[in-house]
Structure formats: C-alpha cells, structure tokens
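A quick write-up on the structure given underneath.
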Amino acid sequence: MAPCDLCYDLDLNRLAERIVPHYHDFKLNELGMTFEALDASAESGCRICHLLRRGAGCFRPEYSMRFEDYSHLSLRLVIKERSVCGLIKVNNDVVVEVEFFTKPGTSCPYPVFGPGTPLMTDPESSECYEMVQKRIRECISAHSSCRMRDPANAFPKRLLDLGVVADGGNEPSHIRLYEPRGETAPYAALSHCWGTEPLLRTTLQMTRAPIEFTWSSLPKSFQDAAKVARNLGLRYLWIDSLCIVQDDPLDWEEEAAKMGSIYEGSYVTIAATSATGSTHGFLSQRQDPYELVEAGTGGSQFSVFVRKFISEEDHEWLLLPSHARTSGKELHPLLERGWCFQERMMASRVLHYTDREVVFECNSGYRCECNGMEEAIPHSLKFLQSRMMDPDPIDVDNPTREVLAKVIGIDKGWGEELNESFASRNTSLKYAQGWNFFAQRYSETKLTYQEDILPALSALANRMKRLTGDTYLAGLWKQHIPGCFLWVSYYYYDAYRAKRTKSAVATDASPLVTQEPSYIAPSFSWTSRVAKIRWWRLDNTAQQEVELLEADCKPRGSDPLGEVSSGFVKLRGRMIAVADIGTHAIAKKYKQLATGEWEYVGNYRGGGCTWDTWADFEDSLRYHERSYLLRIYSTGGPWRQAIALILRPAAEGSGAYRRVGLVGGCDNSDFENIENMDITIV
C-alpha cells in the first residue's frame with residue numbers, strides 16, 4: 001500500500017519530516033484532518049484512515065446532533081509511542097476524546113496501536129473489589145499520615161446496620177438504624193450530592209420507635225453504598241440524611257460538629273463523585289470498548305479497540321475539580337459541593353466512583369484504574385491539605401506548581417510562594433498561607449444553605465486550631481491579622497452578602513435562632529459573602545500599619561467553630577474619609593479633627609477599588625456616600641503606596657464600621673499627618 005499523505009501512516013518519523021505552517025501551537029506529534037478528507041482517503045485504500053473513520057463513527061450519537069453541515073466535523077490525532085488518541089471536534093470544539101489501542105498479547109500490523117491499560121467495566125465485579133481492598137490494606141499498613149489524628153469522640157451516634165444478607169445475596173431485606181452503646185466497629189461513610197428530588201431522611205417523629213428501612217425504600221446511591229460496604233466486609237454504614245435527625249436543630253448541630261471526625265474515623269469514605277443526586281446511583285456498568293476487526297495479511301484478522309479517552313485534563317479534578325468539565329458540564333458534581341469538600345479533606349481514605357473509573361485517594365496519594373493521573377498531576381488536593389497540616393517542611397515540586405497555576409488561574413509567582421510556605425520551617429507562615437489556599441478553593445464550592453458556610457468548614461478549622469492554638473474568627477485566624485484581610489471577591493459583580501435561608505422556628509430548645517436571623521458572619525470575613533475569593537499578595541517591602549487591640553466571635557450554638565451570632569475586630573491605625581470613591585467624580589479626602597468632625601483636606605489621588613459585592617459598588621454610585629479607608633499596609637520602593645480596607649458605618653450611632661472592599665495603590669502620603677484612631681469593624 002502506498003504511503004498516505006493524510007495520516008502519514010501514523011509514523012512519528014514521517015510526521016517529523018512534514019513541511020507545515022509555523023503555527024505557534026503546532027506540535028510534531030499531532031495531526032488534524034476533516035471527516036471529508038478522512039472518508040476520501042479511506043475510499044482510496046488507506047487502511048489506517050479506514051480504521052480511524054470506523055473508530056470515530058462508533059461515537060456518532062455523541063456528536064451527530066452538534067452539527068448541520070458534515071464539513072464542520074474534524075479529527076485531531078495525538079500520536080505517542082504505542083498510543084493514539086483522537087479528539088473529535090465540531091467547529092473546533094472538542095466533543096469526544098477517544099483512544100485507539102490493542103489488547104495485551106495480541107498482534108497488530110500497526111505498532112502505533114499499542115496495548116491499552118485494562119479498565120474494569122463492572123464496578124461490582126470481584127476484580128474491582130479485590131483492587132479496592134488491596135489499596136485500602138496498603139494504606140492502612142504503610143501510611144502514617146492516613147491514621148486518625150484524634151480518635152476521641154469519633155464514633156458516630158447512629159449507624160446503619162446492614163445486617164446479614166439473606167440467601168447469600170447482596171441486598172438485605174431491611175436496614176436498621178442502630179445506636180451504639182459504647183461499642184465500636186469499622187464502618188463506611190457515604191459522601192453524596194442530595195440532589196433536587198425528595199430525599200429519604202430521618203425525622204423526629206420516626207425516632208419514637210425503632211427505625212428500619214426497607215431495601216426498596218432506599219435511593220439508588222444508598223443501595224449502592226450498602227453494596228460496596230458489604231463487599232468490603234463492613235456491616236455498618238453512615239449516611240448523613242439517615243444518621244442525623246434532620247428536623248431536630250440540636251441533634252443536627254451536635255452531629256454536624258462531629259462530621260469531620262466521623263469521616264476521618266471511617267474505614268473508607270464511599271464517594272458518589274459523578275452522581276448529581278442520590279437517586280442516580282454510581283455502580284452502573286460502563287461502556288465496553290468497541291472492537292474494530294480488520295483484515296490482515298494472508299487472510300488473517302486483527303483487532304483494534306476504541307473507547308473514550310481519560311485525558312490529563314480529565315484527571316485534574318483530583319487537584320482542583322471546578323475545572324474538570326467537558327462542554328460546560330460538571331463531570332464530578334460532588335466535588336463542587338461545600339459539605340463534600342470538608343468530607344473529602346477529613347476522610348482518611350476516599351473511594352471515588354466516577355462515570356469512567358474507580359479512583360482511590362488518601363492523604364498520601366492516589367491510584368486510578370488507567371494509571372494516567374500520575375502523568376497529569378503529581379499531587380492531589382487532599383495530599384496538599386494533609387501536608388499543610390504537617391509541621392515538617394515539604395517541597396511542592398515544580399510540576400505541582402505549574403498545574404496549580406494552570407487550573408486555579410494564578411500566576412507562577414503565587415505557585416512559588418505556595419511552595420515556599422509548604423517547604424518553610426516557619427510553621428506559622430505555612431499554616432496561614434495553606435489555610436488561605438484551601439479557603440480560596442472552598443469558596444468555589446456551592447452550598448444549598450448559605451448559613452452552612454461555617455459549619456461545613458468547622459472540622460478543618462478544628463484541625464488547624466489543634467495545630468496552632470490560634471483564635472478562630474469565622475474563617476480567619478487572629479494571629480494573622482491584618483494579612484488575613486487581604487481577600488477580595490474574584491468577581492464582585494456576581495458576589496452578594498450572605499443571608500440565612502433555612503426556615504427555623506424559635507423555641508427554647510433551639511439555640512440556632514437569634515434576634516438577627518439573617519446574620520451569618522462579620523463583614524471582615526470572606527464567609528460573610530457568597531463569592532469566589534482570592535488573596536492579594538504582598539511584596540517583601542510591605543509593612544504592617546495597624547495594631548490589633550481585640551478580636552472575637554460569639555458562637556451561635558454549641559459548636560465553637562461553627563455558626564456565629566456576632567463578631568468584631570478592634571484595630572488602631574490611620575483612617576481617612578473619602579467621598580465619591582468609585583464614581584466618575586473627583587473623590588474628596590477628609591481627615592478627622594479632635595472634635596470628631598471631618599475636615600476636607602483636598603482631593604483623593606486614589607488607588608484601585610475592589611468591592612466585596614456588587615451592592616457595595618452600586619451604593620457608592622447611587623448615594624455618593626462617604627467611605628472610610630483604614631490603612632493596613634504600606635509598601636516601600638520609589639512609589640510609597642498603601643493598602644487599605646474600605647469601610648462604611650455599620651449602624652447609626654454604633655460607632656462601628658463594616659467592610660465593603662479593599663483598595664490598593666493608594667498614595668501613602670494621604671495618610672501622613674493623621675492621628676491613630678481605634679476602629680471597630682463588625
């Protein structure tokens with residue numbers, strides 16, 4: 001057969017000799033072609049083009065509805081040594097990624113189609129459970145960082161007793177809600193998205209008698225979790241909606257405060273990572289690879305297989321899941337949920353059931369079925385969290401920094417700074433910057449109820465508090481004031497002030513209801529906003545310009561690190577007043593006199609304002625009201641600049657202020673000849 005000038009016989013040597021345009025993104029091992037050209041080459045006798053066209057056609061239902069004109073379809077091949085991957089595109093948008101491979105031990109006349117990694121298509125197969133058990137045993141025996149840090153009070157108040165399976169099957173007829181009386185036993189915990197459909201849950205009325213659930217009454221994900229637990233030899237299972245009395249505020253608060261230790265103490269956490277709701281389940285069969293039987297020489301036949309490809313980008317969800325998406329669809333919705341973020345971080349071991357494979361993750365690393373994650377990311381988010389809590393220094397290598405910069409949208413310098421903090425023997429710096437990093441990631445998740453923002457983080461906060469002994473201030477740490485005030489809303493035009501949304505009835509038994517039912521957190525904390533946050537960086541010339549006098553937050557209930565009913569911080573520093581800041585008008589600057597009056601002293605030469613919410617920005621336009629700038633840092637160099645909190649009066653006559661934004665690049669001279677003032681921010 002004559003050499004093909006379209007596919008170049010998938011020969012890397014021939015590909016390297018091509019004369020091609022000098023596109024900036026051109027790679028020698030990549031090859032693009034339209035479906036029309038592929039069809040024409042196949043009809044002309046190229047067996048490889050014929051095979052590629054057959055393989056792409058296996059996924060026609062995935063892309064056939066995405067185009068009106070056949071010419072909009074193309075195939076971009078990535079040819080590696082003994083590996084071929086194809087990206088099927090519609091108008092240059094990737095719709096399907098596929099992998100061509102052969103089975104180990106079989107022959108193929110085209111060496112580029114090498115043996116593929118076997119993937120199990122049945123997550124309930126004995127081979128799959130044997131693999132999982134092997135991973136768990138290795139973790140328990142060899143990973144000191146995966147052992148529970150504080151076993152006290154870890155055992156759940158209630159568990160689901162899966163009982164004895166009838167007739168040797170896998171489905172018990174009934175599942176009993178069991179309350180241990182001092183005894184302990186291994187158990188699994190389920191991490192799942194509740195979804196939008198009505199969910200089976202335990203209520204106060206049900207607790208008046210022993211509680212049993214029939215197998216048929218359980219949603220599919222609950223049934224699947226019970227199957228996994230039973231196949232791992234576990235009798236007990238913890239599921240939040242069934243093991244916490246959902247309409248009892250006292251029970252909910254007590255068990256929510258223990259939730260981190262419940263996941264940490266579990267034998268394994270079963271994560272329904274790709275399921276959007278608990279009625280969907282996660283043990284469904286996966287698609288078998290398509291077999292393409294082709295004619296060889298002398299009447300022989302050979303087979304090439306094609307399946308959806310799990311790319312490097314598909315694996316990055318283990319580090320930062322908010323970017324693991326295809327065509328706008330969230331591949332792993334569980335990891336977008338705020339409660340599940342903490343569950344994953346606290347669990348000693350997590351078994352992720354995804355649509356494509358089973359992934360085992362622990363504090364020391366991860367293993368996937370296809371072995372592709374090690375090429376995509378050197379560390380997982382859970383690994384970094386574990387090392388953040390480790391007082392010993394650790395090097396975050398360059399590949400990790402590059403991936404962090406890519407998927408979180410940060411500059412490389414920030415990645416270097418993260419490495420410096422993780423590798424530092426200054427544990428205070430390491431803990432502070434590590435906490436900021438994970439707070440930023442947590443802020444990207446979603447919560448059904450805005451008031452859960454602190455309870456869903458309390459277990460991680462408690463772990464940090466045990467390490468540092470620091471005072472927790474609703475998402476911030478007292479020892480790191482004012483550096484912890486350098487958060488900004490990433491997209492302030494989408495941000496808004498958080499408000500309580502749960503319906504609650506004020507009773508003597510409920511400590512969750514206060515005189516301010518809409519209050520969630522003090523304004524100086526990022527937890528008072530519904531927004532994705534990021535942190536400003538300071539250069540090495542920055543000098544602190546405020547003194548911390550006092551700070552405290554009052555818990556709303558019994559969990560000292562959970563919901564708060566009030567909070568304040570009292571600082572001593574220099575503050576000016578500015579009118580028309582953020583508007584097109586010339587801003588006017590005022591300083592306070594000894595009498596308490598504010599005197600106009602000239603025009604404000606300004607810096608860039610970053611508002612906490614869109615409403616804060618609109619207020620500055622609508623009312624032209626006076627704002628107050630409290631300098632917290634100054635920087636050196638030829639241009640003396642300042643960073644200041646933007647404040648406004650909290651309530652008439654209170655004398656306190658609330659934070660509405662942050663401004664950088666102020667002229668430091670604006671704060672000269674200003675007396676220090678004591679400022680309270682609530």
Side-chain angles (χ1 to χ4, degrees), residues 7 10 31 33 35 38 42 47-64 73 75-89 94-132 273-274 281-296 300-315 317 324 326-327 329 331-332 352-360 367-376:
C7 71
L10 300 186
L31 182 65
M33 59 191 71
F35 271 40
L38 194 61
R47 301 305 300 166
I48 292 181
C49 287
H50 172 74
L51 191 151
L52 293 174
R53 184 63 184 90
R54 285 187 64 196
C58 294
F59 300 92
R60 185 179 179 87
E62 304 256 356
Y63 58 76
S64 61
L73 279 171
L75 178 67
R76 186 173 186 86
L77 298 176
V78 180
I79 300 100
K80 303 178 182 179
E81 187 177 358
R82 303 182 66 78
S83 175
V84 178
C85 301
L87 286 67
I88 300 175
K89 295 184 174 185
V94 177
V95 179
V96 188
E97 296 182 63
V98 299
E99 176 185 20
F100 294 85
F101 65 98
T102 55
K103 288 191 175 181
T106 62
S107 61
C108 174
Y110 310 117
V112 72
F113 297 116
T117 302
L119 295 179
M120 286 170 278
T121 58
D122 183 6
E124 293 191 80
S125 66
S126 58
E127 293 81 6
C128 187
Y129 285 120
E130 288 171 5
M131 176 200 70
V132 169
T273 306
S274 295
F282 53 86
L283 291 180
S284 56
Q285 289 271 349
R286 306 187 195 112
Q287 174 69 51
D288 285 320
Y290 295 98
E291 183 177 8
L292 310 176
V293 180
E294 294 283 323
S300 64
Q301 291 183 330
F302 66 94
S303 292
V304 173
F305 295 82
V306 60
R307 65 188 174 195
K308 285 187 178 180
F309 177 56
I310 306 177
S311 66
E312 292 184 5
E313 289 74 14
D314 287 336
H315 282 128
W317 62 267
T326 299
S327 301
K329 178 183 177 182
L331 294 179
H332 309 294
H352 294 281
Y353 282 88
T354 77
D355 290 337
R356 302 189 182 186
E357 60 181 339
V358 177
V359 178
F360 177 81
R367 294 290 294 275
C368 66
E369 289 184 52
C370 71
N371 298 322
M373 282 191 167
E374 294 180 2
E375 297 180 12

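Counting from 1, the numbers follow the sequence of the chain as shown.
Using a 4.5 Å heavy-atom threshold, the side chains of E294 and L51 count as touching. A heavy-atom distance below 4.5 Å is not found between the side chains of L77 and C7. With contacts defined as side-chain heavy-atom distances shorter than 4.5 Å, the pair V306/F59 qualifies. Side chains of P123 and R286 form a contact here, defined as non-hydrogen atoms less than 4.5 Å apart. In this structure, the side chains of L119 and I310 come closer than 4.5 Å at one or more pairs of heavy atoms. In this structure the side chain of V358 reaches within 4.5 angstrom of the side chain of E369, judged on heavy atoms.
Residues that satisfy the side-chain contact (heavy atoms from CB on, under 4.5 Å) test with C108, not counting sequence neighbours, are T102, Y110, F113, F302, V304. Every salt bridge (charged side-chain N to carboxylate O under 4.0 Å, His left out) that E99 has, sequence neighbours left out, goes to R307. Applying the side-chain contact (heavy atoms from CB on, under 4.5 Å) rule to D122 yields the partners E124, S125, Q285; only residues at least two apart in sequence or on another chain are considered. Under the salt bridge (charged side-chain N to carboxylate O under 4.0 Å, His left out) criterion, K89 pairs with no residue at all, not counting sequence neighbours. Listed by chain and number, the residues in a side chain to side chain donor-acceptor pair (under 3.5 Å) with E357 are H315 (sequence neighbours excluded). Considering only residues two or more places apart in sequence or on other chains, F101 meets the ring pair (Phe, Tyr, Trp, His ring centres under 6.0 Å) condition with F305. For T273, the side chain to side chain donor-acceptor pair (under 3.5 Å) test picks out H352, with sequence neighbours left out. Legend: residues meeting side chain to side chain donor-acceptor pair (under 3.5 Å) with E291, ordered by chain and number and at least two apart, are S303. Partners of T121 by side chain to side chain donor-acceptor pair (under 3.5 Å), not counting sequence neighbours, listed by chain and number: D288.
With rounding to the nearest 0.5 angstrom, the CG atom of L73 is 8.0 Å from the CZ atom of R60.
Of all the heavy atoms in A56 and F100, the pair that sits closest is N-CZ, 4.4 Å. Scanning both residues, V293 and R54, for their nearest heavy atoms gives O-NH1, 3.0 Å. Closest approach of T106 and K103 over heavy atoms only: OG1-O, 2.6 Å.
R356 contributes a side-chain N or O that, together with a main-chain N or O of F309, makes up a donor-acceptor pair within less than 3.5 Å.
Between Y353 and F282, the ring-plane angle classifies as tilted under the 30° and 60° cut-offs.
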